[in-house]
Structures are given as C-alpha cells and as structure tokens.
Amino acid sequence: MRSYIIHIDGDAFFASVETAKRPWLKGKPVVVGGDRGIASALSYEAKAKGVTRGMPVFQIRKICPDVIVLPSDYDLYALYSKRIMHIVRRYARIVEAYSIDECFADLTEPLDTSLSREDIVRKIAKDVEEELSLTVSIGLADTKVLAKVASKRNKPRGVTILEEGDREEFLKTTKIGSVWMIGSKTAAKLSGLGIFNAWDFSVQPLHWVRAHGNRPMEEIWRELRGESVYKVKEEAKEDQQSISRTQTFRPNSNDPRKLLSELSKNLENACIKARALDILPTRVSFFLKTESFAYRGTEFELEHPTNLPHQIMSRIEALFWTLFDKRILFRTTGVRLSGMMPSAQIQEDLFGSGVIRTQEKSIFECIDAINWKYGRHTISLLSSLSVYKHEENNQFLYDMKRLQLVYLGQVS
DNA sequence: TCTGGGGTCCTAGGACCC
DNA sequence: TCTGGGGTCCTAGGACCC
C-alpha cells in the first residue's frame, strides 16, 4: 500500500516566533541570538540584507542598521512548537516531533476521510498561520526522505505535493548533498563516483548501492525511489537515549577549580533535564576540550542509577585529575548522561543508603520547583558556584539578592 | 568557517573466550 | 605452545541531523 507522509517545517522559526509575539516586528529584519553576540537565527528580511547565521552582532549592525536583535527564548519556541504539533494532530493519527521546528505526520489513513490529502496539507498551513501568526512549509510524498526534500523546495510558505510523475524532474533538481542524511562526506564520495543529483543515485542498481555504501545508504536509496523504509513514529519522553550539556567559556583556562565548576554546572543542567524526563542514567561520561580542539574524556558506570548531581560529581572530581594537565589550556567542558532507565523501574531498597537517596530526591524536587518558579539556578550546587560568580551578566547574584537566600550550612 | 550546543546511530577493531 | 578459526561484547570515533 502506498503511504503518504508529510513534513512540516517552520519558516525562519525562531525569528518568526518572536515576530508572532510582537506583531510590530513584522516585516522588519529580526535576528535572534543577541545573548551570545552572534546570530543563531534570522528573519527573511534580515537574510535579504546579507545577514548570515553565525555573524557577529556588531557586524550585523554595520550592514543592517535597522536590525532588531533579540536574545533567544528557547522555552517560548518550544511552546509554539507544541502548538504546531497540536494543530497537526487534528488531521493525523501519528505525528513525530522531529526537532523544535519540524515534524513528520502520517496521512496514509487521515482522521478526516472527507478531505483530500492535499486539502489537509493546505488546511494545516492555514490553521497554523491564522492561529499562531506563523508560516510553515509542507512537503507531501510517499516517504520521509522525499517529504523532507519536498518541504524545502518552495520555502517560505510553500506547499509541495510530490506525485509519482514528478519524481524524476524533482530528483534531478535535487543536489545529492541536500538529501536528508547524506552529509558532506557521503556527498563527496558519491560525486567521486559520478553521482551529482538525487536522481542519479536513485537509478543505480541495488548491487551498486550495496557495493559502495552501508545500510543507511541503501535505506535512503529506497526512500528516494518511493519505498517507505522510515516510519513516522511518536517519540516517548523516556525513549531519550542520552542527555548532554557542554559549554565553551572565555578565556581558556587551566584552573582546575574553574574547570571543575564548569563540569559541575553542566552536570547540574543535564540532571535537571533528566529529572524533568523522569529518567536515570546508568553511565556518565565527561570531557575537557583543549584550546587546540583535542578531546580528553572518560566514562564510568553508576552503581546506583541517579539523576541527582552531587551523587555523580564526586566521581567526576576523582577522574578529573586523570584528564587534567596544568600545562594545557582548555576551552570547553561537557557532561553526558547515558544508559537511561525510566525512574519507575528502579526500586530503592528502603533501608540503608536507599533511604538517604529517597530523602535527597525530595530535596531536589523542591529545588526543581523553586528553580521553575524563580528561574534557572536560583538554587544550585556549591561546586558550580564559581562559574556564576565569574559570569559577566551576573544573573546568579541578582537572584541571590532578590530572594534573600540565607545560607543554612551544607547538606551532605 | 579559526570552529556552538544537543542529539542519534553505525562501524571498526580490540579484548576476551572457546 | 605460536598456532587456527569463530564468536561476543564493548568502546572510541565517525557521520549525520537540527
């Protein structure tokens, strides 16, 4: 049976959400990313003036003096993202949130059979625009790979319906490197074999594909030929495989206390996420990146899975010294939690150390609630403290004053 | 392009075992 | 013991995505 898959892609998503929230910005060049000093997203108006992603703000102002620069507000974008998915669910049984600004939906068996699939696609676009003041581009095709390429074709605000008869022309005008999951390495390899567009690739015989590629390449090949291999799937929260938090700081440092508090902060943030998802890691890895971009990392197993940072931090501290070298300057640290288990699966023994962990869990439930209400890092681990002290825009001390926190001693 | 941050999955090759 | 073959498990690293 033929399958019908749509890919929905938000147009200039972050900038558009900002504009939806502040309608007076409509039609103006908007750049998001002021908090980091470089553009992480931009409106079409800004793009038209020559602004590119990654461009420093001072340079943007030079070429585009009337630019509006805004800090990124991830929580807001996540909210709009959910609203879009919510609209899509009116029409499709299965919706896969692929990233914050993209989703797939399976329209093989639509909820409303009185509408054609093309009508549904246009209705989704219309609903989003009317209800959220955002525009999306949508591709409808037989497979995820084709739908994804199709949604890119007529951006912004474009609907692209790919029928079997259009496929050849469509794939001939699709560069091989712009096919989903064919990156620069594979594209270079394929060009070396005389393959320059998606059509060239899709018409190779199976034995050729097997001779020159691995399994993923064969799957992409099938998808381009209209054979659906990748299914649209709802992602459950607890399916998340890993959580990582990394951060580059300036200037580079060889101060072990600085590096340890950076690690501690990253660990805390990763644990906050793990608690929000209610999952527990069984493995932890962390790394230091040197100024010359070399990684030094290590990994360890947790005897008791936990998402409470202080239980993990002591292990990191102990292993830290095997990676650290005071003759080397470091630029980035990162922490990754993996081997996830749903917390419901872990049964604490209710005697001995299990009791302590259960008590600590409730302490962190309070901390999460306070941080949710008053902002990130209103309460944080002492081991992370020096990071916040050193941050220029000192949000931490600001919150300290505002909340008048009293130091009650260390909870060990 | 002097290089941010958060993910997933695959594979080659070593360690270990029979 | 220097010698074959086969299997599993694990890890590091690569490739890809947004």
Side-chain angles (χ1 to χ4, degrees), chain A residues 7-15 32-42 52-57 59 71-72 74 77-78 81 96-104 137 144-145 147-149 151-152 155 176-190 213-220 223 229-230 233 235-237 239-250 252 262 265-267 269-274 276-277 279 281-287 289-301 323 329-340:
Chain A
H7 179 252
I8 298 144
D9 197 332
D11 298 324
F13 188 65
F14 292 2
V32 174
D35 45 333
R36 285 199 297 125
I38 57 163
S40 62
L42 26 131
T52 57
R53 277 191 54 176
M55 190 180 275
V57 170
Q59 201 179 333
S72 47
Y74 222 77
Y77 312 145
S81 177
E96 175 180 341
Y98 177 67
S99 75
I100 195 154
D101 66 336
E102 290 176 39
C103 66
F104 290 98
S137 295
K144 285 172 91 172
V145 169
K148 183 114 158 74
V149 184
S151 71
K152 267 196 287 191
K155 252 180 164 317
I176 190 66
S178 59
V179 173
W180 185 37
M181 290 186 297
I182 294 188
S184 59
K185 304 279 179 186
T186 308
K189 181 177 163 182
L190 289 172
N214 48 16
R215 208 181 72 189
M217 197 192 271
E218 182 180 326
E219 290 169 351
I220 296 162
E223 287 255 322
V229 179
Y230 301 127
K233 56 180 192 301
E235 284 290 324
K237 291 254 184 194
D239 285 351
Q240 183 149 352
Q241 304 296 309
S242 72
I243 296 168
S244 66
R245 288 294 181 271
T246 71
Q247 198 146 38
T248 300
F249 42 84
R250 302 187 94 151
N252 296 340
E262 286 287 339
K265 180 183 69 173
N266 286 327
L267 173 64
N269 289 335
C271 284
I272 287 168
K273 175 78 174 182
L277 298 175
I279 52 180
T282 59
R283 302 188 66 78
V284 177
S285 62
F286 67 99
F287 70 84
K289 186 155 61 164
T290 70
E291 60 177 346
S292 49
F293 289 83
Y295 284 85
R296 303 182 156 214
T298 187
E299 193 172 13
F300 59 89
E301 201 115 3
L323 307 177
L329 287 171
F330 296 93
R331 68 182 337 259
T332 308
T333 74
V335 173
R336 193 168 91 104
L337 310 178
S338 60
M340 297 300 186

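A note on names: the letters A, B, ... follow the listed sequences, proteins ahead of strands, and every chain is numbered from 1.
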Minimum-distance nucleotide to [X] side chain [options: [options]]:
| X | options | answer |
| --- | --- | --- |
| A:R215 | B:dC10, C:dC17, B:dG6 | B:dC10 |
| A:Y98 | C:dC17, B:dG7, B:dC10 | C:dC17 |
| A:F293 | C:dC18, B:dT11, B:dG4 | B:dG4 |
| A:T246 | B:dG6, C:dC18, B:dC10 | B:dG6 |
| A:R336 | B:dG5, B:dC10, B:dT8 | B:dT8 |
| A:K185 | B:dG7, C:dA15, B:dT11 | C:dA15 |
| A:R283 | C:dT11, B:dT8, C:dC17 | C:dT11 |
| A:Q241 | B:dT8, C:dT11, B:dT11 | B:dT8 |
| A:E102 | C:dC18, B:dG7, C:dC16 | C:dC18 |
| A:M181 | B:dG4, C:dC18, C:dC17 | C:dC17 |

Please give, in whole Å, the distance from [N] [atom2] to [X] [atom1]?
| X | N | atom1 | atom2 | value |
| --- | --- | --- | --- | --- |
| A:Y230 | B:dT8 | OH | P | 16 Å |
| A:F287 | B:dG7 | CZ | C1' | 13 Å |
| A:K148 | C:dC16 | NZ | P | 15 Å |
| A:M217 | C:dG14 | CE | C1' | 14 Å |
| A:Q247 | B:dG7 | CD | P | 14 Å |
| A:R53 | B:dT3 | CZ | P | 15 Å |
| A:I220 | B:dC9 | CD1 | P | 15 Å |
| A:K189 | C:dA15 | NZ | P | 11 Å |

Do [X] side-chain atoms and [Y] backbone N/O form a donor-acceptor pair below 3.5 Å?
| X | Y | result |
| --- | --- | --- |
| A:K155 | A:G10 | yes |
| A:S151 | A:S137 | no |
| A:S81 | A:I100 | yes |

Is the phosphate of [N] approached by [X] (side-chain N or O, under 4.0 Å from OP1 or OP2)?
| X | N | answer |
| --- | --- | --- |
| A:T248 | B:dG5 | yes |
| A:S242 | B:dG6 | no |
| A:K289 | B:dT3 | no |
| A:R245 | B:dG5 | no |
| A:T186 | C:dC16 | yes |

At 4.0 Å (heavy atoms only), tell me whether [X] reaches a base, stays on the sugar-phosphate, or touches nothing.
| X | value |
| --- | --- |
| A:V179 | sugar-phosphate |
| A:I100 | nothing |
| A:S40 | nothing |
| A:I243 | sugar-phosphate |

Practice problem: Measure the OH-CG distance between A:Y98 and A:D9 for me, rounded to the nearest 0.5 Å. | Solution: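 Atom-to-atom, A:Y98:OH and A:D9:CG are 11.0 Å apart.
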
Exercise. Could you check A:N214 against A:K273 and say which one's nearest nucleotide on DNA chain B is further toward the 5' end?
Key: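 Looking at DNA chain B, the more 5' nearest nucleotide goes with A:K273.
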
Quiz item: Taking for each residue the nucleotide of DNA chain B with the nearest heavy atom, is it A:I38 or A:E219 whose nucleotide lies nearer the 5' end?
Solution: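 The answer here is A:I38.
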
Quiz item: When the P atoms of C:dC18 and B:dT3 are considered, how many whole Å apart are they?
Solution: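 Going atom to atom, P in each nucleotide, I get 23 Å.
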
Practice problem: Could you tell me whether A:E218 and A:R215 have a side-chain N and a carboxylate O separated by less than 4.0 Å? | Solution: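 No, no charged N to carboxylate O under 4.0 Å.
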
Practice problem: Inspect the contact between A:E223 and A:K144 and indicate whether a charged nitrogen and a carboxylate oxygen are less than 4.0 angstrom apart. | Solution: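 No, this pair does not count.
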
Quiz item: For B:dC18, which nucleotide in any strand shown is its Watson-Crick or wobble partner with both distances under 3.5 Å?
Solution: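 Pairing partner, where one exists within any strand: C:dG5.
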
Self-check item: A:P216 side chain near A:M181 side chain, heavy-atom distance below 4.5 Å
Solution: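 They are not in contact (no side-chain heavy atoms under 4.5 Å apart), so the answer is no.
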
